[in-house]
Amino acid sequence: MKYSLYAAICTSLLLSACQSTTETSQLDAQREKSTANTNMQKTKLASGIDVSNMDLTVRPQDNFYRYVNGGWLKTNEIPSDKTTIGSFYDLRDDADRQVRAIIEELAETPNLIVGSDEQKVADLFRSFMDTKTRDQLGITPIKPILAEIETINTKSELMAFFGKYQSIGITSPMYLYISVDAKDSSRYATHVWQGGLGLPDKDYYLNQDKRFVDIRARYLAHIEKMFSLVGIESGKKAAKNILAIETAMADKHWTRVESRDSAKRYNKFKVANLPVLSAGIDWKSYLTAQGVEQQSDLIVNQPDFVEALGKVVADTPLTQWKQYITFHTLSAYSSYLTSELDAENFAFFSKQLNGLQEQRPQWKRGVNIVNSHLGEVIGKVYVARYFKPEAKARMRELVENLRNAYGHSIDELEWMSADTKKAAHVKLAAFTPKIGYPDKWEDYSSLDINRNDLVGNLIRSGKVAHQKEVAKLGGPIRKWEWGMTPQTVNAYYNPTVNEIVFPAAILQPPFFNMAADDAVNYGGIGAVIGHEMGHGFDDQGSRYDADGNLRNWWTEQDLAEFKKRAANLVAQYDNYKVFDDLSVNGQLTLGENIGDLSGLTIAYKAYKASLNGKEAPVIEGLTGDQRFFIGFAQIWRAKYVEKALRNRVATDPHSPSEFRAIGSLSNMDEFYDAFDVKEGDKMYLPPEQRVKIW
């Protein structure tokens, strides 16, 4: 249950129209072929394109996303145990089934050696699946924590509690983590991040729209119900006190847009001076409980919040704080205690907040537990079974092709000076690609797992993970570490070590198809590679140099021009309507939108270079360029439950899938040529409004 602010530091990858009169002859041929095969069942073509997912009644010039994915959108319903389905999620389901098979083989193996990785995987899974024992135990597994809460008599002891129990997943007003110092990438530093909220974001506490008012009322009822289920009286009063504490903290939270700002977040304080920042916090008690009391400095991401937190701590009676941490202890472990607590936790956080109608199957939840706590044990077996060496070799080739294309693109930029181009080339050359799986695997030898002690297993895992993090301080940068397991369907860029990482599980169709023509692979995994490279040059990643240090390497004029182009992209995405009353937040999603646009742009250049001056073959009536763009659009295929999508728009730095596709495409001249997009078409933007950055 290691707490991670990985997403704050790293940037991960994680819809009828009139008949066309301007389609190319290739598209006409494709339309006729599809019409003649309306009963075709998801046939994978040599092109790597699944025509049965397409809706050829939609003009590609009007909504390319729905043209490529509309058939799938019409015929696929979201199951009651999901809030989202699509390309990413299909692969995640596949990975879950594969991991389940690995786990269950181990779980069915008798006489596993105690202390072996195999025993730990098997018994962690068994301990989660054994709901009968969990119901019999009730809240006994967390009674020591609840008893400790009762013994808290001072605010210093309160801060010590937060420091001690953050590592095992209990909500804390501040989250301490260890990460590379952004202004000295040769060392690890301690950081703190704002926290303390049970609801997803500050708007959930402060916004007076009916939707948010209703959520707050349901949150109060949920807190009261949780107290009632464990026999704690005065739940209604406690709920009001807890909501008041969280609202006071939410009022001082930085917005997600503010917290994206790498330079604004970097605020290094001498530990001795922290009481000046926030006198209401006993820093010595907090840092000692975290095991970092010997550190001389602390990087505070949101100092305004921490300053205000000291006043909230001081002004709130200790009895109310104890109600707060009692609830959050119950909340943290509700899914691992009784069926009643699990059901109540699901009813509020999953059903009411996100629109999920049914709990995921128990085995899927068990797989998630094992992936979260013993992920690289599973990863070793997963890679051996499902990741071919030739896939890694091909990916390395693609990465270098994309790197070369990025270099050529930098050279061709008319708006960038020679000095900035030179620095950009240095950074590009320093990118470290990681593909498939780690060269060095995580060591779990210090973790004890007991077949009949689920909560104890999770607590011990959290403590071991925290101790490993603290042990980094004063040591060399562990560049061999991965932030994702091989069985994770995702990718990421880490600016402080300047690395791009592609786990094994994403390297399969529709992202990466070893049997497909190059066009669809460059449009799929090529755009993903370019996306992660693009994060090194997005509005935040571009602030870090080749060594991972937060340092400006731009000329003043070039930086101003970059910001101007980025602002145009913000305005463009601000105009995309998710619902009639909700638009994309262009500022929150800017980094990902730059990643998408630059990724697609560079992937296209790399694809064209791969042809070595030859014409791409026409396959199934589609040109190479058309297949490239279809390959890009099909990786974003997704469908959302409304509540979940609304929450995503409020909290997720990624635009909804439809706009990830059409936003990037509408800015590329080559897309207009490939599909004969003209003025009057809905995908059309005047040339002067098309954003070109990289």
Side-chain angles (χ1 to χ4, degrees), residues 13 24 26-27 47-49 60-61 64-65 67-68 394-395 397-415 424 428 491 500 502 510-513 516-538 565 569 572 592-619 622-636 659-677 683-685 687 690-694:
L13 186 67
T24 63
Q26 291 92 343
L27 288 175
S47 63
I49 294 166
Q61 301 89 346
F64 195 72
Y65 174 81
Y67 166 73
V68 173
R394 178 63 175 137
M395 269 296 291
E397 179 184 352
L398 286 170
V399 167
E400 293 311 314
N401 290 349
L402 266 292
R403 195 197 306 253
N404 290 336
Y406 222 120
H408 290 309
S409 186
I410 290 169
D411 289 337
E412 295 167 358
L413 293 176
E414 297 178 355
W415 60 271
L428 179 66
I500 50 176
F502 307 98
F511 298 92
F512 182 48
N513 187 343
D517 173 71
D518 267 354
V520 75
N521 278 327
Y522 276 97
I525 199 65
V528 172
I529 296 168
H531 174 101
E532 300 308 335
M533 288 183 174
H535 276 312
F537 300 102
D538 70 17
R565 290 166 183 259
L569 200 63
Q572 187 178 111
E592 298 298 334
N593 297 335
I594 292 176
D596 287 340
L597 176 57
S598 58
L600 181 65
T601 302
I602 302 307
Y604 179 80
K605 291 178 182 291
Y607 169 60
K608 299 302 281 188
S610 76
L611 296 173
N612 295 314
K614 299 178 180 178
E615 282 293 320
V618 174
I619 301 176
L622 296 167
T623 67
D625 281 14
Q626 289 168 345
R627 296 194 306 279
F628 171 86
F629 291 117
I630 292 172
F632 175 73
Q634 70 183 8
I635 69 175
W636 301 119
F659 306 112
R660 296 189 73 169
I662 65 176
S664 297
L665 292 168
S666 65
N667 286 301
M668 281 195 66
D669 295 343
E670 296 85 353
F671 169 72
Y672 287 70
D673 294 337
F675 287 93
D676 198 22
V677 181
M683 290 285 293
Y684 180 86
L685 285 177
R690 297 173 199 169
V691 178
K692 294 176 175 59
I693 300 179
W694 296 101

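In this chain, residues are counted from 1 in sequence order.
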Hits for side chain to side chain contact (heavy atoms under 4.5 Å, CB included) against Asp669, two or more places apart or cross-chain, chain-then-number order -> Arg690, Lys692

When you compare the side chain of [Y] with that of [X], does any pair of heavy atoms fall below 4.5 Å?
X      : Y      : result
Lys608 : Asp625 : yes
Trp694 : Thr601 : no
Asn521 : Tyr607 : no
Phe675 : Met683 : no
Leu569 : Leu597 : yes
Arg627 : Pro617 : yes
Val399 : Met533 : yes
Pro60  : Phe629 : no

Tyr67 vs Phe64 aromatic rings, parallel, tilted or perpendicular, using cut-offs 30° and 60°?
tilted

In Å, rounded to the nearest 0.5 Å, how long is the span from [atom1] of [X] to [atom2] of [Y]?
X      : Y      : atom1 : atom2 : answer
Ser598 : Glu532 : OG    : CD    : 10.0 Å
Ile602 : Arg403 : CD1   : CZ    : 13.5 Å
Leu413 : Ile693 : CG    : CD1   : 10.5 Å
Met668 : Leu685 : CE    : CG    : 13.5 Å
Lys614 : Leu611 : NZ    : CG    : 9.5 Å

List the steps and the verdict of side chain to side chain contact (heavy atoms under 4.5 Å, CB included) for Phe671 and Ser664.
CA-CA 10 Å; Phe671 169 72; Ser664 297; over 6 Å; no

Criterion side chain to side chain contact (heavy atoms under 4.5 Å, CB included) on Tyr522 and Asn401, from CA distance to verdict:
CA-CA 10 Å; Tyr522 276 97; Asn401 290 349; 2.9 Å; yes

Evaluate the side chain to side chain contact (heavy atoms under 4.5 Å, CB included) criterion for residues Phe628 and Glu670: first the C-alpha distance (whole Å), next the side-chain angles of each, then the deciding distance (0.1 Å), finally the verdict.
CA-CA 11 Å; Phe628 171 86; Glu670 296 85 353; over 6 Å; no

For [X] and [Y], work out which heavy atoms get closest and say how close.
X      : Y      : result
Gly407 : Leu428 : N-CD2, 3.4 Å
Phe512 : Leu398 : CE1-CD1, 3.8 Å
Val691 : Asn667 : N-OD1, 2.8 Å
Gly524 : Ile635 : CA-CG2, 3.9 Å
Leu402 : Ala606 : CD2-CB, 3.8 Å
Gln626 : Ala674 : NE2-O, 3.1 Å

Are any side-chain N or O atoms of Ser666 and backbone N or O atoms of Gly663, one a donor and one an acceptor, separated by less than 3.5 Å?
yes

Output, in order, the C-alpha distance, side-chain angles, deciding distance and verdict of side chain to side chain contact (heavy atoms under 4.5 Å, CB included) for Val520 and Gln634.
CA-CA 10 Å; Val520 75; Gln634 70 183 8; 3.5 Å; yes

With sequence neighbours left out, write down each residue that passes ring-ring contact (aromatic ring centres under 6.0 Å, His included) with Tyr672, or none if nothing qualifies.
Tyr684

If only side-chain N and O atoms count, and only distance matters, is there a donor-acceptor pair under 3.5 Å linking His535 with Asp538?
yes

